[in-house]
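Written out below as structure tokens is the structure these notes cover.
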Amino acid sequence: MTAAPEAAFDPEAFRAALREWYRNNHRPLPWRAKPGLYATVVSEFMLQQTRVETVLPYFERWMRALPDFESLAACSDERLLKLWEGLGYYRRAKNLREVAREWIRRHEPPRTATGWREFPGIGPYTAAAVASIACGDPSACVDGNVVRVLARLTGWAEPLPGGGAAAKLFQPLADKLLDRDDPGTHNQAVMELGATVCRRQKPLCLLCPVNRFCRARASGTAASIPRLPLKKTETRLVIRIWCRNGNRLLLHRAQPDAGRLANLHELPTAEALGLDPRKLPETARLLIRKKRAITRFIITEEIHEHPVQIDPRSVKADAGLVWMNVNDLETVALSGPHRRWVRELLAPAKPG
DNA sequence: AAATCGGGGCT
DNA sequence: AGCCCAGATTT
């Protein structure tokens with residue numbers, strides 16, 4: 001049993017230095033420009049396990065299309081998914097809409113982290129973030145950035161537990177350091193520090209406004225803290241079929257209750273078409289081979305042209321297989337990689 | 001505690 | 001190829 005991480009410095013001195021640095025150095029992010037409850041909730045959902053740079057264009061487009069809780073609550077499945085297309089973790093979009101509906105349903109929306117915690121898709125981090133930023137609730141949020149910053153500040157050289165255990169470990173310290181006069185700004189400042197200065201690789205300790213409080217900085221161990229549990233990777237090969245009949249393209253749509261990619265379209269796997277992926281006919285020409293990483297899987301996907309013409313009427317829609325008009329492809333949601341590959345395969349060959 | 005959910009960017 | 005990212009939920 002190891003002692004809990006503790007700060008060997010004056011919390012108010014830390015807060016003041018961090019506050020001043022943030023005031024002068026924070027990035028002008030769109031959800032900070034015109035802060036409000038709705039913008040805060042939307043941005044925090046998009047930012048779950050997703051980088052700021054990735055979220056930026058999605059956020060701006062989303063706010064133009066669905067500017068408030070009311071328009072989001074009334075949004076159709078199709079439009080919802082289309083706006084989220086390529087962002088990943090698609091359950092977030094449905095949860096976000098459910099938050100909007102619940103927010104409207106309630107007579108008095110919550111103003112504390114504990115209250116927000118009851119909404120779907122809102123865990124410990126997002127509850128604290130929304131409540132502190134939009135409602136001024138004094139709750140400290142602990143995300144990956146905060147864990148890294150606090151681990152280095154305290155010189156936490158031991159391996160960290162996985163999952164939410166690391167956040168739980170540092171929650172008491174985060175609570176102690178929180179600026180209760182402006183918790184939203186303080187929370188964003190710690191995360192901003194982690195994202196831009198106290199980075200995972202190549203931390204910029206020389207530029208850090210709180211380096212005088214940092215044990216890792218003092219011992220020169222910042223780059224090797226925190227120690228995170230290793231993740232095992234696994235490689236896979238997936239054979240997919242390019243099946244085009246005139247201006248129709250065969251796609252597979254995941255079931256609405258599917259665990260992943262619910263309602264999203266992808267190119268069908270060989271199995272989905274009743275083909276043995278190891279025994280494709282010689283005439284099944286390999287069109288492209290792509291590699292992608294999904295969580296712990298490294299997946300090689302091969303797209304083969306189907307050897308024979310398939311009668312559109314012979315494929316049942318209830319199996320999730322759908323014939324899409326290639327001119328209507330932009331109206332449906334595909335997974336990010338498949339969106340790109342389909343465009344690539346439909347593009348006319350380059351001249352020369 | 002571990003697995004799962006997607007994807008992109010960087011080393 | 002590995003690692004991480006403004007995590008949450010299920011098993």
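None of these values were measured; they are calculated from a predicted model. Labels below follow one simple rule: chain letters A, B, ... track the order of the sequence lines, proteins then strands, and each chain is numbered from 1.
- Ring pair A/Trp116/A/Phe119: centre-to-centre distance below 6.0 Å.
- A cation-pi geometry, defined here as NZ or CZ lying under 6.0 Å from the six-membered ring centre and within 45° of its normal, does not hold between A/Arg92 and A/Phe45.
- Here A/Gly144 lies in heavy-atom contact (under 4.0 Å) with sugar-phosphate atoms only.
- With salt bridges taken as basic N to acidic carboxylate O contacts below 4.0 Å, none links A/Asp77 and A/Lys94.
- Counting non-hydrogen atoms of other residues, nucleotides and ligands closer than 6.0 Å to CZ of A/Arg199 gives a total above 12.
- A heavy-atom distance below 4.0 Å to DNA chain B is reached by these residues of residues 289-299 of chain A, ordered by number: A/Arg292, A/Ala293, A/Ile294, A/Thr295, A/Arg296.
- Shown here is A/Arg111, whose CZ atom has no more than 12 heavy atoms of other residues, nucleotides or ligands within 6.0 Å.
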key: Stepwise salt bridge (Lys or Arg N to Asp or Glu O under 4.0 Å) test for A/Glu70 and A/Arg101   = CA-CA 8 Å; A/Glu70 287 76 12; A/Arg101 290 175 175 171; over 6 Å; no

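- Taking every heavy atom of residues 94-102 of chain A and every atom of DNA chain B, no pair lies under 4.0 Å.
- When all heavy atoms of A/Ser132 and A/Asn187 are compared, the closest pair comes out as OG-ND2, 2.9 Å.
- A heavy-atom distance below 4.0 Å to DNA chain B is reached by these residues of residues 28-61 of chain A, ordered by number: A/Gln49, A/Thr50, A/Arg51.
- A salt bridge links A/Arg19 with A/Glu12: the distance from a Lys NZ or Arg NE/NH1/NH2 to an Asp or Glu carboxylate oxygen falls below 4.0 Å.
- Here the range on DNA chain C touched by chain A, meaning any atom under 4.0 Å from one of its heavy atoms, is C/dA1 to C/dT9.
- Remark: side-chain polar atoms of A/Asn245 are not paired, donor with acceptor, to backbone N or O of A/Arg248 under 3.5 angstrom.
- If you find the closest nucleotide of DNA chain B to A/Ala165 and to A/Pro337, the one lying nearer the 5' end belongs to A/Ala165.
- Nearest-nucleotide mapping onto DNA chain C: of A/Thr233 and A/Glu192, the residue sitting toward the 5' end is A/Thr233.
- Pairs of residues two or more places apart, or lying in two chains, that qualify as side chain to side chain donor-acceptor pair (under 3.5 Å) and include a residue from residues 332-342 of chain A are A/Glu85-A/Arg339, A/Arg240-A/His338, A/Glu266-A/Ser335, A/Glu301-A/His338.
- You can see that DNA chain B meets the heavy atoms of chain A within a 4.0 Å-exclusive cut from B/dT4 to B/dG9, reading 5' to 3'.
- Toward the 5′ end of DNA chain C lies the nearest nucleotide of A/Gly194, the other residue of the pair A/Gly194 and A/Arg91 mapping further downstream.
- When heavy atoms are screened at a 4.0 angstrom cut-off, A/Ile122 is found touching the sugar-phosphate backbone but no base atom.
- Counting any heavy atom pair closer than 4.0 Å across all strands shown, A/Arg148 reaches sugar-phosphate atoms only and no base atom.
- Salt-bridge check for A/Arg236 with A/Glu234: passed, with a basic side-chain N closer than 4.0 Å to an acidic carboxylate O.
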A/Thr331 vs A/Asp328, side-chain hydrogen bond (donor to acceptor under 3.5 Å, both in side chains): CA-CA, chis, key distance, verdict = CA-CA 6 Å; A/Thr331 68; A/Asp328 297 334; 5.4 Å; no

request  = Could you check A/Thr126 against A/Gln48 for side-chain hydrogen bond (donor to acceptor under 3.5 Å, both in side chains), going step by step and ending with a plain yes or no?
outcome  = CA-CA 8 Å; A/Thr126 307; A/Gln48 285 172 5; 3.0 Å; yes

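- In this structure, A/Pro124 reaches the sugar-phosphate backbone alone: every heavy-atom distance under 4.0 Å involves primed, P, OP1 or OP2 atoms, never a base.
- Backbone-only engagement by A/Arg340 is indicated by non-hydrogen atom pairs under 4.0 Å involving sugar-phosphate atoms exclusively.
- You'll find the ring centres of A/Trp84 and A/Tyr58 outside the 6.0 Å limit.
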